[in-house]
Novice: 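Structure provided below as structure tokens; questions to follow.
Indexing begins at 1, ligand by ligand and atom by atom, following the structure's order.
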Amino acid sequence: MTACLFCRIVAKEIPAAIVGESEHALAFRDINPQAPVHVLVIPKRHLTSMNDITDGAEVAEISKLALQVARELGVAESGYRTVMNTGGDGGQTVHHLHMHVLGGRAMDWPPG
Ligand code: 5GP
Ligand code: ZN
């Protein structure tokens with residue numbers, strides 16, 4: 001059994017509110033939402049962070065699913081933010097690559 005939280009969500013060992021799925025990616029609602037729409041999109045294969053990217057196939061895969069989810073949840077036209085935090089200074093707390101999709105309210109810039 002893996003210790004990685006998001007691998008356990010992929011394996012259905014831990015429940016999540018799944019909002020989208022493709023062959024290689026999974027999208028589910030963040031447990032502590034920071035916006036009316038706050039979804040995490042992950043590759044099913046474990047990669048720790050952007051630092052593990054080689055050919056970028058996983059980033060393409062999660063980007064496509066993120067767009068599909070943004071459309072289905074009704075924020076594609078109003079706008080949304082995609083964020084991938086990497087490492088300590090990036091604010092990453094779960095060490096399985098993920099893209100946040102935040103929408104349903106106006107976002108601030110710059111991020112804190
Ligand atoms: P990070 O800080 O690594 O960029 O984002 C990790 C995100 O995972 C956080 O927004 C946090 O709320 C979310 N999260 C942590 N544990 C769980 C969980 O068990 N289920 C879900 N759905 N989200 C989680
Ligand atoms: Zn993992």
Novice: For the 3.5 Å polar cut-off, considering only N or O atoms, please tell me whether Leu40 and ligand 1 meet it.
Specialist: no
Novice: Check whether any side-chain heavy atom of Ile9 lies under 4.5 Å from a side-chain heavy atom of His96, and answer yes or no.
Specialist: no
Novice: Could you walk me through whether Arg45 and His24 pass the side-chain contact (heavy atoms from CB on, under 4.5 Å) check?
Specialist: CA-CA 7 Å; Arg45 184 166 89 87; His24 297 296; over 6 Å; no
Novice: Compare Leu97, Ile31, Thr93, Thr86 and give the one whose heavy atom is closest to atom 17 (C) of ligand 1.
Specialist: Ile31
Novice: Going by heavy atoms in the side chains, are Met50 and Val59 under 4.5 Å from each other?
Specialist: yes
Novice: To the nearest 0.5 Å, how far apart are CD in Gln34 and CZ in Arg105?
Specialist: 7.5 Å
Novice: How does His100 reach ligand 1, by side chain, by backbone, by both or by neither, if only non-hydrogen atoms under 4.0 Å count?
Specialist: side chain
Novice: Report yes if some N/O of His38 lies less than 3.5 Å from some N/O of ligand 1; otherwise report no.
Specialist: no
Novice: Strictly under 2.8 Å of the Zn ion (ligand 2): which protein N/O/S atoms qualify?
Specialist: Cys4 SG, Cys7 SG, His46 ND1, His96 ND1
Novice: Find the distance between CG (Leu26) and CG (Leu65) and round it off to the nearest 0.5 Å.
Specialist: 7.5 Å
Novice: What part of Leu5, side chain from CB on, backbone N/CA/C/O, both or neither, has a heavy atom under 4.0 Å from ligand 1?
Specialist: side chain
Novice: Between Leu40 and Val69, is there a shared hydrophobic cluster once you connect ILVMFWY residues whose side-chain heavy atoms come closer than 4.5 Å?
Specialist: no
Novice: Identify whether the distance between the nearest side-chain nitrogen and carboxylate oxygen of Glu61 and Lys44 falls below 4.0 Å.
Specialist: no
Novice: Would you check if His38 and His100 make a side-chain contact, meaning some heavy-atom pair closer than 4.5 Å?
Specialist: yes
Novice: Please evaluate residues Ile42 and Val10 with respect to the criterion side-chain contact (heavy atoms from CB on, under 4.5 Å), reporting the C-alpha separation (whole Å), side-chain torsions for both, the decisive distance (0.1 Å), and the verdict.
Specialist: CA-CA 9 Å; Ile42 68 171; Val10 170; 3.6 Å; yes
Novice: Distance under 4.0 Å to a non-hydrogen atom of Phe28: what atoms of ligand 1 satisfy this?
Specialist: 22 (N)
Novice: Applying the side chain to side chain contact (heavy atoms under 4.5 Å, CB included) test to Leu97, which of Val41, Ile53, Asn51, Thr48 qualifies?
Specialist: Ile53
Novice: Please work out, at 4.0 Å between heavy atoms, whether the side chain, the backbone, both, or neither of Val94 comes within that distance of ligand 1.
Specialist: both
Novice: Closer than 4.0 Å to some heavy atom of His98 - which atoms of ligand 1 meet that?
Specialist: 1 (P), 3 (O), 4 (O), 5 (O), 6 (C)
Novice: Restricting to pairs with a member in residues 56-87, which pass ring pair (Phe, Tyr, Trp, His ring centres under 6.0 Å), not counting sequence neighbours?
Specialist: none
Novice: Considering the heavy atoms of Phe6, write down every atom of ligand 1 situated less than 4.0 Å from one of them.
Specialist: 8 (O)
Novice: Distance to 0.1 Å, residue and atom name: give those for the protein heavy atom nearest to atom 22 (N) of ligand 1.
Specialist: Arg29 O, 2.9 Å
Novice: Using 30° and 60° as the class limits, which term best fits the ring planes of Phe6 and Phe28: parallel, tilted or perpendicular?
Specialist: perpendicular
Novice: Gln92 versus ligand 1: do any nitrogen or oxygen atoms come within less than 3.5 Å of each other?
Specialist: no
Novice: Run the side-chain contact (heavy atoms from CB on, under 4.5 Å) test on Ser22 and Lys64 for me, step by step, so that the C-alpha distance in whole Å, both residues' side-chain angles and the decisive distance to 0.1 Å come before the verdict.
Specialist: CA-CA 9 Å; Ser22 66; Lys64 282 189 283 186; over 6 Å; no
Novice: Run the contact test for Ala16 against ligand 1 with a 4.0 Å cut-off on heavy atoms, strictly below, and give the result.
Specialist: no
Novice: In terms of atom number and element, which parts of ligand 1 are under 4.0 angstrom from non-hydrogen atoms of Asn32?
Specialist: 12 (O)
Novice: Could you tell me the residue and atom name of the protein heavy atom closest to atom 12 (O) of ligand 1, and the distance to it rounded to 0.1 Å?
Specialist: Asp30 OD1, 2.5 Å
Novice: State if Gln34 counts as touching ligand 1 under the rule of any non-hydrogen atom under 4.0 Å.
Specialist: no
Novice: Stepwise, does the side-chain contact (heavy atoms from CB on, under 4.5 Å) test hold for Val39 with Glu72?
Specialist: CA-CA 12 Å; Val39 170; Glu72 287 175 3; over 6 Å; no
Novice: Can you list the ligand 1 atoms lying under 4.0 Å from a non-hydrogen atom of Gly91?
Specialist: 1 (P), 2 (O)
Novice: So for Met84, does at least one of its heavy atoms come nearer than 4.0 angstrom to any atom of ligand 1?
Specialist: no
